[in-house]
Amino acid sequence: MNAAFTTGKELQKMDPVFGQLSFDDHEQIVFCNDKDTGLKAIIGIHNSVMGPALGGTRMYNYANEWEALNDVLRLSRGMTYKAAITGLNIGGGKAVIIGDAKTQKTPELMRKFGEFVHSLSGRYITAEDVGMETADMDIVRDVTPYVTGISESRGGSGNPSPVTAYGVYLGMKAAAKQQFGSDVLSGKKVLVQGIGHVGETLVDYLTKEGAIVTIADINEEKLNEVGAKYNAEIFRGEDLYSADVDIYAPCAMGATLNDATVYKIKAKVIAGAANNQLADENVHGAILQERGILYAPDFLINAGGIINVYAELAHYDKAEIMRKTENIYNTTLEIFDFAIANKMTTHHAALTIAQNRINQRKIENSKK
């Protein structure tokens, strides 16, 4: 073997699954491949103590398979804690499809993916995420019942994005109350990074309350459209992380709080919809705390989506969906108090509370 073939950066991949921090005792990882449709997907089931693993499917043009695997592991783990902290009787899972959703997604590919989901006999229940639409979930539903977020015309709860945005908005208000002494966002400068389905709806809520909103996105056409629609300022600077704002709301991909950005942040509150915002939850969570920046745990405040799709399994109505989502405000404040009382980061506080609920359920299950 040529020693030069393995670089230092590749060493972390020598144990590509079990050796990763993001593996975190996943119960099952399924690799799905279909030559005819071009499907290449990974399904991660992190924890099913609370119930079957529920989590959306993300289609993204990953740079490589390693990046896709790490993403599905991190996302699946996050779903476990998202469900537990929100009080839902459901486990955590996620799926990723490797490819460009705009050019490579076909009905045949989605049906084949649905067949793989069905083969797990309900251990994993899918829903929509980045790169997916409600119509895609309807196609998956043609081949398996193990899918949520289907269209309302088919008895589903529809697009979860508006509910996700509402939960983020309420979590942001709770964080403002903790950090600034008032949950009123009127006059507060808020930078929303990523204006997809959730980000745009969040901009709508903020604008209506009178916040001074700045938006950033890699899609120039979408930026101009949303900027004009809500009279939002478009960020034109070189470094959005050092922008002079009160609140930073990451609503695109994860890990934007990392070694290169965490010391640049000028905002005093971070509250957004993106999953896994902390590249290293221990290191970067601690740095934010030391700098006096209040971080609203992402897997808590972006839980509106899972609350929405879980309604299809628990059979509760729109009013109950909104009631559960509105409770994100109270839970966020409780976590801030718990973090202060126990001298830990807000992220660690949320994880601890979620893990305690899972541990308690494990004890209850063992007695049955």
Side-chain angles (χ1 to χ4, degrees), residues 27-46 48 51-62 68-69 71-72 75-76 79 82-83 88-164 196-198 275 304-318 320-321:
E27 294 176 4
Q28 190 173 5
I29 301 167
V30 182
F31 291 81
C32 314
N33 179 65
D34 181 67
K35 182 179 178 181
D36 292 338
T37 61
L39 175 72
K40 292 187 183 300
I42 309 172
I43 299 171
I45 298 174
H46 177 251
S48 61
L54 173 63
T57 296
R58 170 174 295 187
M59 187 166 185
Y60 186 73
N61 203 15
Y62 294 98
L69 173 61
D71 200 30
V72 77
L75 290 166
S76 176
M79 292 305 295
K82 183 181 299 191
L88 306 180
N89 294 318
I90 202 78
K94 204 79 176 187
V96 298
I97 297 175
I98 301 172
D100 188 329
K102 292 181 179 178
T103 60
Q104 294 176 275
K105 184 171 59 178
T106 64
E108 292 75 23
L109 181 142
M110 292 310 304
R111 273 193 288 271
K112 180 56 66 174
F113 174 72
E115 290 174 14
F116 278 108
V117 170
H118 192 69
S119 73
L120 293 171
S121 304
R123 275 183 54 76
Y124 169 65
I125 301 167
T126 195
E128 76 175 75
D129 199 330
V130 175
M132 290 291 155
E133 305 288 344
T134 304
D136 299 317
M137 296 303 103
D138 285 348
I139 293 172
V140 172
R141 182 63 181 82
D142 290 338
V143 295
T144 182
Y146 305 123
V147 55
T148 56
I150 59 176
S151 59
E152 294 183 57
S153 62
R154 296 187 62 169
S157 57
N159 182 1
S161 297
V163 186
T164 302
H197 294 314
V198 176
N275 289 304
I306 193 174
I307 290 170
N308 189 73
V309 298
Y310 180 65
E312 295 177 32
L313 306 177
H315 307 294
Y316 53 76
D317 60 14
K318 281 284 186 185
E320 183 64 8
I321 288 172

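These values consider heavy atoms only, across backbone and side chains, with no hydrogens, waters or symmetry-generated copies. None of these values were measured; they are calculated from a predicted model.
- At least one donor-acceptor pair under 3.5 Å links the side chain of Lys105 to the backbone N or O of Gly131.
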Val147 vs Ile125, test: side-chain contact (heavy atoms from CB on, under 4.5 Å). Steps then yes/no. CA-CA 5 Å; Val147 55; Ile125 301 167; 5.5 Å; no

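- Ion pair Arg141/Asp136 not flagged as a salt bridge, since none of the NZ, NE, NH1 or NH2 atoms sits closer than 4.0 Å to an Asp/Glu carboxylate oxygen.
- Judged by distance alone, with hydrogens and angles left aside, the side-chain atoms of Glu115 form no donor-acceptor pair with the main-chain N or O of Val143 at under 3.5 Å.
- A donor-acceptor pair under 3.5 Å is formed between the side chain of Glu128 and the backbone N or O of Thr134.
- Taking 4.5 Å as the limit, some side-chain heavy atom of Asn308 sits within range of a side-chain heavy atom of Lys318.
- Donor-acceptor pairing under 3.5 Å is lacking for the side chains of Glu152 and Ser157.
- Annotation: side chain of Val72 is not in contact with side chain of Ile43 (no heavy-atom distance under 4.5 Å).
- Side-chain contact between Tyr310 and Asn89 is present, with at least one heavy-atom pair separated by less than 4.5 Å.
- A salt bridge links Lys94 with Asp129: at least one charged nitrogen is closer than 4.0 Å to a carboxylate oxygen.
- The side-chain heavy atoms of Ile97 and Leu109, taken from C-beta on, include a pair separated by under 4.5 Å.
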Yes or no on side-chain contact (heavy atoms from CB on, under 4.5 Å) for Glu108 and Leu39, after CA distance, side-chain angles and deciding distance? CA-CA 9 Å; Glu108 292 75 23; Leu39 175 72; over 6 Å; no

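- At least one side-chain heavy atom of Tyr62 sits less than 4.5 Å from a side-chain heavy atom of Asp71.
- The minimum heavy-atom distance linking Phe113 with Ala95 is given by the pair CZ-CB, 3.7 Å.
- The two atoms that bring Ala53 and Ile45 nearest to each other are CB-CG2, 3.7 Å, heavy atoms only.
- Between the side chain of Ser76 and the main chain of His46, a donor-acceptor pair closer than 3.5 Å is present.
- Closest non-hydrogen pair, Thr148 versus Met137, comes out as O-CG, 3.9 Å.
- The closest side-chain donor-acceptor pair between Ser151 and Asp138 falls under 3.5 angstrom.
- Of the N and O atoms on the side chains of Thr144 and His118, at least one donor lies less than 3.5 Å from an acceptor on the other residue.
- For the pair Ile139 and Pro107, the tightest heavy-atom approach, listed with the atom from each and the gap, is CG2-O, 3.7 Å.
- Within 6.0 Å of atom OH in Tyr316, more than 12 heavy atoms from other residues, nucleotides or ligands are found, so the atom counts as buried in its surroundings.
- Distance CD1/Ile42 to OG1/Thr57: 12.0 Å, rounded to 0.5 Å.
- Taken to the nearest 0.5 Å, the CG atom of Leu88 stands 10.5 Å off from the NZ atom of Lys82.
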Check the pair Val130, Met59 against side-chain contact (heavy atoms from CB on, under 4.5 Å), reporting the backbone distance first and the verdict last. CA-CA 6 Å; Val130 175; Met59 187 166 185; over 6 Å; no

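- When all heavy atoms are compared, the tightest approach of Gly149 to Glu312 is N-OE2, 2.7 Å.
- Considering only heavy atoms from C-beta on, Tyr124 comes within 4.5 Å of Thr126 through its side chain.
- Taking each heavy atom of Asn159 and Pro162 in turn, the nearest pair found is O-CD, 3.3 Å.
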Hey, mind stepping through Lys40 and Val96 against side-chain contact (heavy atoms from CB on, under 4.5 Å) and telling me if it holds? CA-CA 9 Å; Lys40 292 187 183 300; Val96 298; over 6 Å; no

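- You'll find the side chain of Val30 reaches within 4.5 Å of the side chain of Cys32, heavy atoms only.
- Looking at Ile90 and Ile306, their side chains come closer than 4.5 Å, going by heavy atoms from C-beta outward.
- Atom CD1 of Ile150 and atom CG of Asp142 lie 9.5 Å apart (nearest 0.5 Å).
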